[in-house]
Participant: 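Take this structure, written in structure tokens, and hold onto it; I'll ask about it next.
Atoms considered below: every heavy atom in the structure, side chains included; atoms not considered: hydrogens, waters and symmetry mates. Naming convention: chains lettered A, B, ... in sequence-line order (proteins, then strands); numbering from 1 in each chain.
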Number of protein chains: 2
Amino acid sequence: MSVHRDIRSPTQDCGECPIRHRAVCARCETDELAQLEQIKYYRSYQAGQTVIWSGDKMDFVASVVTGIATLTQTMEDGRRQMVGLLLPSDFVGRPGRSAAAYDVTATTDLVMCCFRRKPFEEMMASTPHIAHRLLEMTLDELDAAREWMLLLGRKTAREKISSLLAIIARRDASLKEPRADLGAITFDLPLTREEMADYLGLTLETVSRQMSALKRDGIITLDGKRHVTIPSVDALMEETGDDSDGGFLV
Amino acid sequence: MSVHRDIRSPTQDCGECPIRHRAVCARCETDELAQLEQIKYYRSYQAGQTVIWSGDKMDFVASVVTGIATLTQTMEDGRRQMVGLLLPSDFVGRPGRSAAAYDVTATTDLVMCCFRRKPFEEMMASTPHIAHRLLEMTLDELDAAREWMLLLGRKTAREKISSLLAIIARRDASLKEPRADLGAITFDLPLTREEMADYLGLTLETVSRQMSALKRDGIITLDGKRHVTIPSVDALMEETGDDSDGGFLV
DNA sequence: CGGCTGGTTGATCACTCTCAAGCGTGGTGG
DNA sequence: CCACCACGCTTGAGAGTGATCAACCAGCCG
């Protein structure tokens with residue numbers, strides 16, 4: 001295994017970028033992309049590595065290109081709460097803020113497309129496409145955070161676990177070719193039991209117990225610790241406590 | 001008591017507006033304000049009145065001018081979670097979305113400055129000042145939501161109550177003339193016990209018990225049910241579980 | 001082999017919820 | 001004027017969910 005370090009990956013062409021159509025740069029015209037190419041650089045992290053600590057100086061903002069990162073808050077006595085799960089195309093950092101507000105950690109191997117903060121802020125001021133897309137993404141994140149507040153405040157342990165599995169399943173389904181949602185869905189959990197607990201506001205023991213309970217009840221099948229199969233998405237959704245209809249808003 | 005209705009207040013001059021320097025219009029130049037005046041109208045609600053139900057068509061966005069409103073989510077079986085507390089200058093609604101995502105309720109008498117959605121969206125496209133300010137406000141709200149996630153997921157009932165009191169005390173102090181923070185702070189709770197419970201992910205009984213406990217321990221003094229005095233803000237902060245230093249970020 | 005990490009399971013504890021009774025105030029109607 | 005009720009709130013007793021403490025297991029690596 002290689003040493004603990006930041007790896008500068010070779011710069012890639014934005015045209016080839018897997019998150020080209022979803023990230024903060026999604027709305028940019030080719031000339032704007034060219035400008036972004038000037039100030040961008042890639043950075044890689046290994047699974048488990050810390051990207052930045054809360055309070056540290058942060059002289060860049062970034063998009064997650066591949067892999068998964070988390071945002072966590074920690075109290076003085078060690079209690080931890082995950083407050084964000086960053087997937088490919090998600091944005092890290094806050095324009096106008098020079099220090100990180102949360103711990104950012106790579107939970108899988110991670111590649112980020114970074115922009116030096118100052119030039120990025122200047123570009124934001126001059127190209128409305130970026131600011132507009134960032135607003136849209138931030139509003140989406142705010143909605144997701146509020147959904148999560150309902151989960152943290154009011155759902156039972158079983159509902160929390162089911163909701164997390166449903167979210168991962170849904171996202172995984174949207175990444176793979178959009179086959180029928182009918183049949184069984186299979187995916188690998190990108191989180192350890194402890195990370196799941198930090199996300200859900202539970203202890204890892206409770207997570208483990210509820211996973212076992214869902215397995216016992218036939219809601220999920222486990223192959224190893226991480227490989228999950230959902231025989232019936234409907235049955236899983238029944239366990240989340242959410243409205244049956246997704247209730248999608250435009 | 002007057003009947004249940006929306007009251008159209010007479011249009012006021014933006015120059016006189018109490019939230020002129022903090023709301024979504026804060027950055028606007030006088031000509032932009034003039035444009036906003038064209039599409040704005042005031043609306044008043046009585047304490048307890050519902051502004052809009054989740055899922056309802058929402059053909060406006062708005063700023064809270066005076067009073068307090070809440071955003072809540074409700075599960076099928078009636079469990080409720082507040083996901084936003086809207087104070088003067090806060091923004092309601094989402095550009096680009098035609099239906100409300102949450103129930104919006106006036107917890108005190110409320111005046112909102114509303115903008116018809118379509119014209120507002122057009123103005124956003126043409127005047128970067130508005131979009132920029134909205135981005136800034138949304139990022140602030142996202143931070144607040146994440147702070148709240150820590151509270152909901154990891155804090156004890158006593159810490160939750162203390163945190164809520166601290167938040168209200170801090171805000172109240174910032175509204176009144178900025179006197180010394182040293183002495184006692186006094187304010188009226190704008191929320192019922194039940195609303196506090198919905199905010200904190202607790203039951204109203206637990207809220208009541210913890211309020212009594214804080215009173216017993218001399219952290220707060222109660223005069224009636226709603227009028228609260230904090231003899232020592234430091235002592236209160238000790239109870240919140242938060243870092244002693246506010247940990248403010250720029 | 002031994003140690004380490006991640007995970008499971010058991011026993012017990014305690015915090016918060018649930019159910020229930022009761023208080024005080026303000027409003028309404030007889 | 002008082003009885004009555006509704007509402008917001010408090011307090012108590014008991015129950016239950018999830019936390020805590022602890023033992024143990026499996027896989028992996030040195």
Participant: Classify Arg79(B) by what it touches in the nucleic acid, base, sugar-phosphate, or nothing, heavy-atom distance under 4.0 Å.
Facilitator: nothing
Participant: Counting any heavy atom closer than 4.0 Å, what does Ser212(B) reach on the DNA or RNA strands: base, sugar-phosphate only, or nothing?
Facilitator: sugar-phosphate
Participant: Would you check if Val92(B) and Met112(B) make a side-chain contact, meaning some heavy-atom pair closer than 4.5 Å?
Facilitator: yes
Participant: Output side-chain donor-acceptor pairs under 3.5 Å for residues 151-158 of chain A, partner residues at least two apart or in another chain, one line each.
Facilitator:
unit_1	atom_1	unit_2	atom_2	d
Arg154(A)	NE	Arg80(B)	O	2.5
Arg154(A)	NH1	Leu202(B)	O	3.0
Arg154(A)	NH2	Arg80(B)	O	3.4
Arg154(A)	NH2	Ala197(B)	O	3.0
Arg154(A)	NH2	Asp198(B)	OD1	3.3
Arg154(A)	NH2	Leu202(B)	O	2.9
Lys155(A)	NZ	Ser163(A)	OG	2.9
Lys155(A)	NZ	Thr240(A)	O	3.2
Lys155(A)	NZ	Asp242(A)	OD1	2.7
Lys155(A)	NZ	Asp242(A)	OD2	3.4
Thr156(A)	OG1	Glu159(A)	N	3.2
Thr156(A)	OG1	Glu159(A)	OE1	3.4
Arg158(A)	NH1	Glu239(A)	OE1	2.8
Arg158(A)	NH1	Glu239(A)	OE2	3.4
Arg158(A)	NH2	Asp217(A)	OD2	2.2

Participant: Rounded to the nearest Å, what distance is computed from the CG atom of residue Asp77(B) to the C1' atom of nucleotide dT18(C)?
Facilitator: 14 Å
Participant: How close or far is atom C1' of dC9(D) from atom CZ of Arg193(B), stated in whole angstroms?
Facilitator: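 One finds 7 Å between C1' of dC9(D) and CZ of Arg193(B), rounded.
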Participant: Using a 4.0 Å heavy-atom cut-off to protein, can you give one letter per nucleotide of nucleotides 13-23 of chain D, 5' to 3': B if the base is in contact, S if only the sugar-phosphate is, - if neither?
Facilitator: B----SSBB--
Participant: Provide, to the nearest angstrom, the distance between the CD atom belonging to Glu194(B) and the P atom belonging to dT18(C).
Facilitator: 13 Å
Participant: Apply salt bridge (charged side-chain N to carboxylate O under 4.0 Å, His left out) to the pair Asp143(B) and Arg97(A), showing each step before the final yes or no.
Facilitator: CA-CA 12 Å; Asp143(B) 279 337; Arg97(A) 173 178 288 169; 2.7 Å; yes
Participant: Got a second to check how far Met196(A)'s CE is from Leu191(A)'s CG, nearest 0.5 Å?
Facilitator: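 The CE atom of Met196(A) sits 7.0 Å away from the CG atom of Leu191(A).
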Participant: Given atom NE2 of His227(B) and atom C1' of dC9(D), what is their separation to the nearest angstrom?
Facilitator: 18 Å
Participant: Can you tell me how far P of dT10(D) sits from CG of Leu214(B), to the nearest Å?
Facilitator: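 It works out to 12 Å between those atoms.
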Participant: Rounded to whole angstrom units, what separation is found between the CD1 atom of Ile220(A) and the C1' atom of dG7(C)?
Facilitator: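 My rounded result for the distance is 14 Å.
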Participant: Round to a whole Å and report the spacing from CG of Leu222(B) to P of dC9(D).
Facilitator: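 Rounded to the whole Å, the gap is 11 Å.
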Participant: Counting only N and O atoms by type, is there a donor-acceptor contact under 3.5 Å from the side chain of Lys215(A) to the main-chain atoms of Ile220(A)?
Facilitator: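 It does not hold such a pair.
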Participant: Nearest 0.5 Å, what's the CG-OG1 distance between Asp103(B) and Thr50(B)?
Facilitator: 7.0 Å
Participant: Specify the separation, in whole Å, of atom NZ of Lys225(A) and atom C1' of dA26(D).
Facilitator: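 Spelled out: NZ on Lys225(A) to C1' on dA26(D) is 7 Å.
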